[in-house]
There are 2 protein chains.
Amino acid sequence: MSRRQMVRPGGRSARVQASVHTAVRELQTEVGRDALTVPLVAQRAGVTPSTIYRRWGDLKELLSDVAVERLRPDTAPKDHGDLSSDLAAWAEQFLDEMASPTGRGYIRDALLGDPDGSNAGQCSAYAVQQINVLLTRAADRGENTPDVETVVDRVVAPLMYRILFRPDGLDAEYARRLVKGVPARPTGR
Amino acid sequence: MSRRQMVRPGGRSARVQASVHTAVRELQTEVGRDALTVPLVAQRAGVTPSTIYRRWGDLKELLSDVAVERLRPDTAPKDHGDLSSDLAAWAEQFLDEMASPTGRGYIRDALLGDPDGSNAGQCSAYAVQQINVLLTRAADRGENTPDVETVVDRVVAPLMYRILFRPDGLDAEYARRLVKGVPARPTGR
DNA sequence: CTGTAGACGCAAGGATTTTGCTTTAAGGTG
DNA sequence: CACCTTAAAGCAAAATCCTTGCGTCTACAG
């Protein structure tokens, strides 16, 4: 979230933020992301443009906030019985969601309008959180587990790098191969 | 490069492109990247704003082109005698250049104004090219070498991911550790 | 040398962004 | 509960930026 968010959580402020976010999401599907403008969003949200400019600075930052919201995982990853199956399934789903044109758009938006890097950090935190669920679950089963940072380096980072820099030739098989490259135990660091 | 570049390589077109790019670079250091506007760049370049809008579309795309130019490696990586030293040195330098505020800015710009993804692809191609120099050099020495894609997954991707999503806590030691995680031989794929 | 077409300059028109001032309402205080 | 304080929103004018049509120039081809 940008520096301007979350002040006066209850009341008008919150209502304005909600209606602006809703307006962005609706218009994204109706007119497409490239046709969005601040005045357009303001009109749909029933708000004056200057309100948006004052709170978010510009369209990029607003889109960044909305993108982070949409990138938040809404469900805990399913249990497949063992860590490597869990990781493989999670990686495939991650790739599916993130590599789609929509997903790529959100990632780019999240990165773009992010002066202090907190929105990008939040995206990473979501992934870390999901992976931690898998890892603690595995540890509870008595499995040996790598640490989160290793999974980030070996799975999340390659997926993201390719999504952003080389969107071609990505498939579930690649995601599975990455998971196979994760060592079974914590790496010495 | 955008779709509008490199038409009529000689003559006026080329002069305009050069002076616009120069104007962007100069103004970036003088007034800072956030204060750049198309009219400002146009004035410095001795060109009318509409020329820039017609050729590049908007500021994002122009900045993206300039950023890719600046991300192009200008020198072949030095020879340290063996592959792992070469990779370690290259990774450290890569991190140095890319993780700085300036470097991050260029990467973000390159990603940002890139409708078709060709600029981002070019960034990745630069890294691949440099790594290939190291790998063929090692092969000429008779060393076993991993393939480029493995180095990209194990070294470049984690560095980039962290630069973009979690800029804190990056140091040369981390780059070296990544290089140690590269297998000595090609991975079966 | 001449023709052609792509690229630029200029200027008008429209849209967006910024900004000063006023008004509203959330949250605290007596 | 009434009052005070202040962050945030509304409003409107001004500044800035973006778009577009048209005329001109110049690189390249024949």
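Labels below follow one simple rule: chain letters A, B, ... track the order of the sequence lines, proteins then strands, and each chain is numbered from 1.
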Given protein heavy atoms under 4.0 Å, the one-letter contact record of nucleotides 10-15 of chain D, with B base, S sugar-phosphate only and - none, is simply BB----

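- Rounded to whole Å, the distance from CG on A:Asp58 to P on C:dT16 is 14 Å.
- Partner of A:Leu178 under the side-chain contact (heavy atoms from CB on, under 4.5 Å) criterion, out of A:Val156, A:Leu159, A:Leu87: A:Leu159 alone.
- With A:Arg108 contributing its side chain and B:Leu111 its backbone, the two residues share a donor-acceptor pair below 3.5 Å.
- Of the residues listed (B:Leu134, B:Leu95, B:Val151), the one engaging B:Trp90 in a side-chain contact (heavy atoms from CB on, under 4.5 Å) is B:Leu134, and it is the only one.
- Out of C:dT16, C:dA26, D:dC17, the shortest distance to the side chain of A:Pro39 is found at C:dT16.
- The interatomic distance linking B:Leu36 (CG) with D:dT16 (C1') rounds to 16 Å, in whole Å.
- The pair B:Arg176-B:Glu173 meets the salt-bridge criterion, with a side-chain N (NZ, NE, NH1 or NH2) lying under 4.0 Å from an Asp/Glu carboxylate O.
- Counting heavy atoms from C-beta on, the side chains of A:Leu83 and A:Thr145 come closer than 4.5 Å.
- Atom pair B:Gln17:CD and D:dA27:P shows a separation of 16 Å (rounding to whole Å applied).
- Look at CZ on B:Arg15: it is 15 Å from C1' on C:dG9, rounded to the nearest Å.
- Distance B:Ile52 CD1 to D:dT19 C1': 15 Å, rounded to the nearest Å.
- B:Asn119 places no side-chain N or O within donor-acceptor distance of the main-chain N or O of B:Ala110, the cut-off being under 3.5 Å.
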